[in-house]
2 protein chains.
Amino acid sequence: MTADAADPQPLSGPQPVTPVGTQPLTPVEDEAWRALTRVIVALPRIMDADLLERAKLTLNEYLVLMSLSEAPGRALRMSELADSVLISFSGLTRLVERLERDSSVRREKIEGDGRGSRAVLTDAGLARLQAAWPSHLESVRRIVMDHLTGLDLPALTAALTRVIDENALAAARRRR
Amino acid sequence: MTADAADPQPLSGPQPVTPVGTQPLTPVEDEAWRALTRVIVALPRIMDADLLERAKLTLNEYLVLMSLSEAPGRALRMSELADSVLISFSGLTRLVERLERDSSVRREKIEGDGRGSRAVLTDAGLARLQAAWPSHLESVRRIVMDHLTGLDLPALTAALTRVIDENALAAARRRR
DNA sequence: GCAATCTGTTTGTTTGTACAAACATACGGG
DNA sequence: CCCGTATGTTTGTACAAACAAACAGATTGC
């Protein structure tokens, strides 16, 4: 924890965060970063608003339903679910509460481990998701995918996956 | 509310959102969309936390300071600033209030148009931004840019820019 | 000079995080 | 078997930040 062996010269002080040797962004990198920044700032709100209007679902709620629908038995342990949608435990508890209130999800004790509980997608929840899906698909195409032309999509996927794997998952794991 | 258009037969009504003809995502597109979704959900939080820890600045606050620093006279009208960082008017008002409280920004009436006010980056604010920059640069590289290898960056920039231009700016404009 | 419009601010609500405490259950050593 | 600790989840509080809608002041056109 105390050792930080990234420095070329031996340093004496705490050296808070000053990255003396970091290369500035090239113009091309700078443009890419600015564009990506705008996307990560604006796109969540855009998708959220769209989904809310069309399906009365938050983006996070949609992702939870989707994650459950693809899980074996349409169910996941709360902690697995939190990892899969990248939100905090307490945030997930409240989100699942909301979904439980409208019967999209049910919680049940885990057999064999009475501490945990599993969120189970109900038939109503699945129907809700299926009702939302076509419209959401259309939005995804119109808002995002239609503009991702001239790109090597598999390479993009790999790159974005690296970003998440090296950061979000690490942070989630650290939080345990 | 009364219409429940889940039927396979041809419909005559308004057909609210049902995208009958939308092609489902190909596996490659699906993977890309899922990766992008995870990025737009997690990356804002990651960058926010990082910036907050290193510079006591929110991502949006940082972007506002940056936007101002690059504007002529280090100043922008509130509405221009809101457009430039893609946040709502009311959100911007509060954000600028925060920045004003620590003297990073000053607001002044616009001469000739008493309705508007301009946010001006103070010397202290510029210093704050410059102090945050090297560390933030290091984070941007480490968290994101280092992983964007094997990509045509200009093509990526162009694609992301299209997404924003066709959606966020349109939404902002619609909001006036 | 008055109404319509533009610009910004205020207010109320929503959603999320962080952190700590409360629980219940699981597990492991004596 | 029993006790102490670890784990998984929920709950409560405090807080931050965002949006939408209502609002207020200034300006402009008629």
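Nothing here was measured: the structure is a model prediction, and the numbers come from that model. Quick note: numbers below take in every heavy atom, side chains included, and nothing from hydrogens, waters or symmetry partners. Below, chains carry the letters A, B, ... as their sequence lines are ordered, and counting in each starts from 1.
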What is the distance, rounded to the nearest whole Å, between atom [atom1] of [X] and atom [atom2] of [N]?
X	N	atom1	atom2	result
B:F89	C:dT9	CZ	P	10 Å
A:M78	D:dT11	CE	C1'	12 Å
A:E111	C:dA26	CD	P	12 Å
A:L81	D:dG8	CG	C1'	14 Å
B:K56	D:dA16	NZ	P	13 Å
A:R101	C:dT14	CZ	P	11 Å
B:L59	D:dA18	CG	C1'	13 Å
A:D48	D:dA20	CG	P	11 Å

For [N] and [X] - does any side-chain N or O of the residue sit under 4.0 Å from the phosphate oxygens OP1/OP2?
X	N	result
B:R45	D:dA17	no
A:S117	D:dT10	yes
B:N60	D:dA17	no

Please list, chain by chain and in numerical order, all residues satisfying side-chain hydrogen bond (donor to acceptor under 3.5 Å, both in side chains) with A:S67, sequence neighbours excluded.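 If we apply the side-chain hydrogen bond (donor to acceptor under 3.5 Å, both in side chains) test to A:S67, skipping adjacent residues, the hits are A:S84.
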
For B:M145 against A:L25, the heavy-atom pair lying closest together: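 Scanning both residues, the minimum pair turns out to be CG-CD2, 4.2 Å.
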
If every non-hydrogen atom of B:R38 is compared with every non-hydrogen atom of A:I164, which pair is closest and at what distance?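 Heavy-atom minimum between the residues: O-CD1, 3.5 Å.
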
With sequence neighbours excluded, what pairs up with A:E100 under the side-chain contact (heavy atoms from CB on, under 4.5 Å) test?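 Applying side-chain contact (heavy atoms from CB on, under 4.5 Å) to A:E100 gives A:R107.
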
Hey, could you give me the CG/CG distance between B:L76 and B:D83, rounded to the nearest 0.5 Å?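 The distance works out to 10.0 Å.
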
Nearest-nucleotide wise, let me know which of A:L92 and B:E97 is further upstream toward the 5' end of DNA chain C.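 Comparing both residues, the 5'-ward one is B:E97.
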
For B:S90 and A:L95, find the nucleotide of DNA chain C closest to each by heavy atoms; which residue's nucleotide sits nearer the 5' end?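 Of the two residues, B:S90 wins.
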
Scan nucleotides 27-30 of chain D against the protein and return all N/O pairs shorter than 3.5 Å with their distances rounded to 0.1 Å.
unit_1, atom_1, unit_2, atom_2, d
D:dT27, OP1, B:G114, N, 2.7

Please check: side-chain N/O of B:S117 versus main-chain N/O of B:K109, any donor-acceptor pairing under 3.5 Å?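 Pair absent, no side-chain N/O of B:S117 close to backbone of B:K109.
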
Quick test: give all pairs of protein nitrogen or oxygen and nucleotides 1-3 of chain D nitrogen or oxygen below 3.5 Å, distance rounded to 0.1 Å.
none

Could you list all the salt bridge (charged side-chain N to carboxylate O under 4.0 Å, His left out) pairs where at least one residue sits in residues 122-135 of chain B, not counting sequence neighbours?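 Sorted pair list: B:R74-B:D123, B:D102-B:R128.
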
Do B:R94 side-chain and C:dG12 base share a donor-acceptor contact under 3.5 Å?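 Per atom types, the contact qualifies.
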
Below 3.5 Å, does any donor atom in the side chain of B:S88 face an acceptor in the base of D:dA18, or the other way round?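 No such pair is found, so the answer is no.
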
Compare the minimum distances between each of D:dC19, C:dA18, C:dG8 and the side chain of B:I87, then state the nucleotide with the smallest one.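 The listed nucleotide nearest to B:I87's side chain is D:dC19.
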
Answer yes or no: does atom CD of B:E53 have more than 12 heavy-atom neighbours from other residues, nucleotides or ligands under 6.0 Å?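 Atom CD in B:E53 is not crowded, with 12 or fewer foreign heavy atoms closer than 6.0 Å.
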
Give the C-alpha distance, both sets of side-chain angles, the deciding distance and a yes or no for side chain to side chain donor-acceptor pair (under 3.5 Å) between B:S139 and B:R54. CA-CA 10 Å; B:S139 294; B:R54 290 171 172 243; 3.3 Å; yes

Just call it for A:R107: base, sugar-phosphate, or nothing, with non-hydrogen atoms closer than 4.0 Å on any strand.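 Counting heavy atoms under 4.0 Å across all strands, the contact made by A:R107 is with sugar-phosphate only.
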
Run the salt bridge (charged side-chain N to carboxylate O under 4.0 Å, His left out) test against A:E108 and tell me which residues pass, sequence neighbours left out.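 Counting only residues at least two positions away or on another chain, A:E108 forms a salt bridge (charged side-chain N to carboxylate O under 4.0 Å, His left out) with A:R106, A:R118.
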
